[in-house]
Novice: 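I have a structure I would like to understand better, so I am pasting it below and will then ask my questions one at a time.
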There are 2 protein chains.
Amino acid sequence: MAMNLKELSRSLGLSQTTVSRALNGYPEVAEATRQRVMQAAAVHNYRPNARAKGLATGRTMAVGHVIPVASQHEMVNPIFSDFIAGAGETYMRHGYDMVLSVVPDAREEAAYRELAMKGSVDGIIVHGPRAVDPRIALLQEIGLPFVVHGRASGAQTDYNWIDVNNRRAFQRATEFLLDLGHRRIALVNGLVSMDFAARRLRGYTDALTSRGVTPDPALIYSDEMTEAYGFGAAREVLALAQPATAFLVSSMIAALGIRRAIEEAGLRMGRDISVITYDDDLSYLRNGGEVPTFTATRSSVRQAGRLCADRLIDLVQNPGQPARRHLLEAELTVGASTGPAPAGVNRVVT
Amino acid sequence: MAMNLKELSRSLGLSQTTVSRALNGYPEVAEATRQRVMQAAAVHNYRPNARAKGLATGRTMAVGHVIPVASQHEMVNPIFSDFIAGAGETYMRHGYDMVLSVVPDAREEAAYRELAMKGSVDGIIVHGPRAVDPRIALLQEIGLPFVVHGRASGAQTDYNWIDVNNRRAFQRATEFLLDLGHRRIALVNGLVSMDFAARRLRGYTDALTSRGVTPDPALIYSDEMTEAYGFGAAREVLALAQPATAFLVSSMIAALGIRRAIEEAGLRMGRDISVITYDDDLSYLRNGGEVPTFTATRSSVRQAGRLCADRLIDLVQNPGQPARRHLLEAELTVGASTGPAPAGVNRVVT
DNA sequence: TAGGTGATTCAAAGCGCTTTGGCATGCGAT
DNA sequence: ATCGCATGCCAAAGCGCTTTGAATCACCTA
């Protein structure tokens with residue numbers, strides 16, 4: 001069905017060598033010949049067989065993504081769609097394929113090994129690093145180029161990563177709330193086993209303690225970031241004897257749940273209760289409007305996808321580079337969900 | 001770096017033939033030998049090179065997904081994460097890889113051609129079919145097995161698809177609202193160029209007209225299903241001289257926007273305004289609780305992913321089957337978002 | 001005129017695997 | 001002693017491509 005090099009070259013009366021060279025832009029081919037070859041290739045809709053090419057060159061022109069599915073809740077992180085969209089653009093531009101492995105997080109190690117040994121990819125993007133994550137040591141041992149989206153704090157060695165400054169983002173957000181007079185600030189975080197969540201927690205507690213506020217464990221939540229989780233956490237916090245006056249949330253989706261709980265309690269977000277959320281700038285969940293609905297620390301995960309892909313391709317094409325780290329700053333945009341702490345409640349004891 | 005067949009067989013003092021056969025479970029190998037080979041393979045962590053294997057067998061053990069990115073809004077459908085998770089499970093179980101192409105929807109045709117000619121996949125899953133969609137003719141011409149998630153009404157020929165009965169789902173939902181006394185029911189639909197949205201529209205209008213209610217164009221919206229879109233549409237509808245008393249929505253995310261608009265208008269969902277949404281049962285957006293938040297017609301997109309993958313693998317392994325269609329029924333579950341039409345408003349003229 | 005040079009082209013090897021078509025060996029049957 | 005037939009193993013070809021090393025030719029140079 002598909003035309004191959006042999007047929008193509010025979011139909012042109014040329015050797016496979018020459019045709020191959022012509023198509024791949026080598027100089028030792030007469031310009032006239034090259035034109036003829038190109039033309040014929042276009043006419044026959046010829047595309048070199050990727051596998052054969054890979055075998056011959058040792059390059060697969062493909063990169064792997066291992067998507068872990070949280071075995072607990074069977075949850076797959078919704079930011080992947082956008083990350084993948086960003087990375088995909090880059091791959092397309094460079095002619096790379098993207099191969100995905102969806103794996104229950106328990107079997108993740110095996111998945112990497114598999115990808116590497118089967119030789120089906122030239123490099124790997126690592127998603128969702130844990131605070132201490134065996135994968136990066138594993139990948140270094142395997143010797144396949146890789147880029148981590150995020151960081152693993154516990155790692156001993158250098159490696160390539162691209163991450164948002166989560167600590168700083170949450171520190172600033174907390175300070176912003178403190179400046180508005182809030183003292184009881186709830187943190188509705190992701191799973192703290194995740195590196196990003198651990199850093200956000202750090203930023204939050206740092207900001208609090210440096211202002212003399214002792215973090216209250218009753219206000220700190222940590223779980224998979226679903227709408228229901230946000231709702232449940234907020235409902236609990238609002239029912240406390242000393243409820244929070246503000247929420248710091250790790251994702252837009254959880255924030256929607258929190259807003260729901262706030263309104264269900266007959267309160268109004270932005271007036272009675274303040275909310276700051278982390279915003280991945282997902283395409284289907286834009287925090288838009290002239291005045292954004294949520295005050296948020298934002299960093300586009302799609303852009304992160306692009307950056308990771310760019311870096312990885314660079315790494316594949318120019319091996320042996322020293323590891324490079326790339327820290328993105330999230331921007332804090334003020335929306336309609338924050339306001340001064342209501343007077344009379346949680347007055348600061350001076 | 002990676003051990004290969006040649007080395008492995010030499011280290012065993014056997015021919016490549018025998019080792020290959022032993023590993024692939026052929027009978028003409030002494031049981032003792034097979035054990036020895038298996039052991040050695042395990043020890044050396046040997047995995048046959050996928051490309052070489054593919055070249056030799058003509059099978060790639062990979063299937064392609066072409067993910068279109070709506071060029072208008074740069075939007076990538078959030079249901080993909082879950083669909084992919086479902087399909088991924090199946091692929092994993094059968095040892096297939098999944099290769100993704102993220103493409104601006106304009107270049108989609110080229111992407112399919114590419115995948116096929118490069119010979120990098122054994123089959124393809126088609127996402128987001130339009131009401132009239134040139135892709136299925138294209139794929140039939142190409143001759144690669146494919147399964148469509150959804151349907152393309154305009155298609156002339158038979159092909160394999162798996163779809164939800166969108167017309168019926170929306171017809172039932174509309175009837176449910178009519179039974180509650182609602183007469184002004186807004187439809188906040190996806191892009192009607194999409195097949196699923198066209199069918200939903202049909203179900204909605206069928207139900208209305210068969211009850212003698214004339215569909216009001218002012219109540220029918222159609223766009224990419226974002227939270228902001230839901231919000232905007234609902235806000236407009238509620239500001240009409242004769243506002244709707246109920247909404248029928250094509251996605252949970254848009255429904256969240258609608259709820260926001262309802263509450264912003266000082267109304268309460270489920271009492272003042274009823275909402276029924278289509279629910280893809282996304283892992284991070286469960287419509288949970290003892291009483292679900294939303295009354296919804298639900299069908300798991302993850303399950304659809306599994307089914308599509310299963311079907312495609314079957315198709316790849318047993319070619320030449322007649323096309324098979326698979327229509328899933330969505331279930332209507334009653335939640336807290338619906339109630340009788342408020343009296344005094346839009347009273348039915350009898 | 002012999003030898004050197006640059007420009008083109010080609011035959012063949014090799015990437016790592018499967019698979020075809022033998023080739024031994026042992027054993028019961030003739 | 002011979003034939004037939006499993007049984008177990010192997011050498012080599014082939015999948016579609018790249019790449020090495022050489023060949024051919026025209027054209028100069030000494």
Side-chain angles (χ1 to χ4, degrees), chain A residues 1-38 40-41 44-62 95 97 114-122, chain B residues 1-38 40-41 44-62 95 97 114-122:
Chain A
M1 123 192 145
M3 161 76 60
N4 60 16
L5 227 211
K6 183 147 59 165
E7 290 182 48
L8 182 64
S9 48
R10 189 160 41 211
S11 87
L12 279 162
L14 287 170
S15 75
Q16 299 192 32
T17 310
T18 303
V19 175
S20 170
R21 298 211 128 117
L23 291 172
N24 289 308
Y26 283 68
E28 61 267 66
V29 176
E31 199 44 39
T33 311
R34 184 190 308 282
Q35 292 305 331
R36 215 156 57 87
V37 171
M38 297 291 235
H44 293 105
N45 217 319
Y46 170 75
R47 296 275 184 297
N49 179 298
R51 287 191 308 272
K53 189 162 187 160
L55 238 205
T57 57
R59 283 285 196 70
T60 68
M61 297 305 279
D97 279 343
E114 198 95 340
L115 273 181
M117 307 266 77
K118 285 200 308 187
S120 32
V121 299
D122 291 333
Chain B
M1 124 191 142
M3 159 80 53
N4 61 15
L5 227 211
K6 182 145 63 167
E7 290 182 47
L8 182 63
S9 49
R10 189 158 43 211
S11 87
L12 280 161
L14 288 168
S15 76
Q16 299 192 32
T17 310
T18 303
V19 174
S20 171
R21 297 211 129 118
L23 291 172
N24 289 310
Y26 283 68
E28 61 267 66
V29 176
E31 198 44 40
T33 313
R34 185 191 307 281
Q35 292 303 330
R36 217 158 55 88
V37 171
M38 295 291 235
H44 293 105
N45 218 318
Y46 170 74
R47 295 275 185 298
N49 180 298
R51 285 192 309 272
K53 191 164 187 160
L55 237 204
T57 58
R59 282 283 196 70
T60 67
M61 297 304 281
D97 278 344
E114 198 95 342
L115 273 180
M117 306 267 77
K118 285 200 310 186
S120 32
V121 299
D122 291 332

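Reckoned from all heavy atoms, side chains included, excluding hydrogens, waters and symmetry mates.
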Novice: Any idea which of dC9(D), dT8(C), dC17(D) is nearest the A30(A) side chain?
Specialist: dT8(C)
Novice: Under 4.0 Å: is that the gap between some side-chain N or O of K53(B) and OP1 or OP2 of dT18(C)?
Specialist: yes
Novice: Let me see the working for M61(B) and D97(B) under side chain to side chain contact (heavy atoms under 4.5 Å, CB included), right down to the final yes or no.
Specialist: CA-CA 6 Å; M61(B) 297 304 281; D97(B) 278 344; over 6 Å; no
Novice: Could you grab the distance from atom CG of L5(B) to atom OH of Y46(B), nearest 0.5 Å is fine?
Specialist: 3.5 Å
Novice: Whole Å only: how far is the CG atom of L55(A) from the C1' atom of dC17(C)?
Specialist: 8 Å
Novice: If you only use heavy atoms from C-beta on, which nucleotide in dG8(D), dC17(C), dT19(C) is closest to the side chain of T57(B)?
Specialist: dT19(C)
Novice: In whole angstroms, how far is the C1' atom of dT18(D) from the CG atom of L23(A)?
Specialist: 12 Å
Novice: What is the distance, rounded to the nearest whole Å, between atom CE of M117(A) and atom P of dC17(C)?
Specialist: 11 Å
Novice: Which whole-number value in Å describes the distance from K118(A) NZ to dC17(C) P?
Specialist: 13 Å
Novice: Map Y26(A) and E31(B) onto DNA chain D by nearest heavy atom, then report which one ends up closer to the 5' terminus.
Specialist: E31(B)
Novice: Kindly point out which of dC17(C), dT19(D), dC9(D) is positioned nearest to the side chain of T17(A)?
Specialist: dT19(D)
Novice: Side chain of T33(A), backbone of V29(A): donor and acceptor closer than 3.5 Å?
Specialist: no
Novice: Between S20(A) and dT19(D), is there a contact of a side-chain N or O with OP1 or OP2 at under 4.0 Å?
Specialist: no
Novice: Starting at the 5' end of DNA chain D, which residue's closest nucleotide do you reach first, A56(B) or T33(B)?
Specialist: T33(B)
Novice: Checking all strands, does R21(A) fall into the base, sugar-phosphate, or nothing category for heavy-atom contacts under 4.0 angstrom?
Specialist: base
Novice: Can you tell me the distance, in whole Å, between the CZ atom of R59(B) and the C1' atom of dT19(C)?
Specialist: 15 Å
Novice: Is a side-chain N or O of D122(B) found less than 3.5 angstrom from the main chain of T60(B), in a donor-acceptor match?
Specialist: yes
Novice: Please state whether the phosphate of dC9(D), meaning OP1 or OP2, lies under 4.0 angstrom from any side-chain nitrogen or oxygen of S15(B).
Specialist: no
Novice: Do any side-chain nitrogens or oxygens of N4(A) fall under 4.0 Å of OP1 or OP2 in dC15(D)?
Specialist: no
Novice: Figure out the CD/P separation between E28(B) and dC9(D), and round it to whole Å.
Specialist: 10 Å
Novice: Taking the side chain from R47(B) and the backbone from K118(A), do they hold a donor-acceptor pair closer than 3.5 Å?
Specialist: no
Novice: Within less than 4.0 Å of OP1 or OP2 of dT18(C), is there a side-chain N or O belonging to N24(B)?
Specialist: yes
Novice: If I take atom CD in residue Q16(A) and atom C1' in nucleotide dG14(C), what distance separates them, rounded to the nearest angstrom?
Specialist: 13 Å
Novice: Roughly, in whole Å, what's the span from CG in L5(A) to C1' in dA11(C)?
Specialist: 14 Å
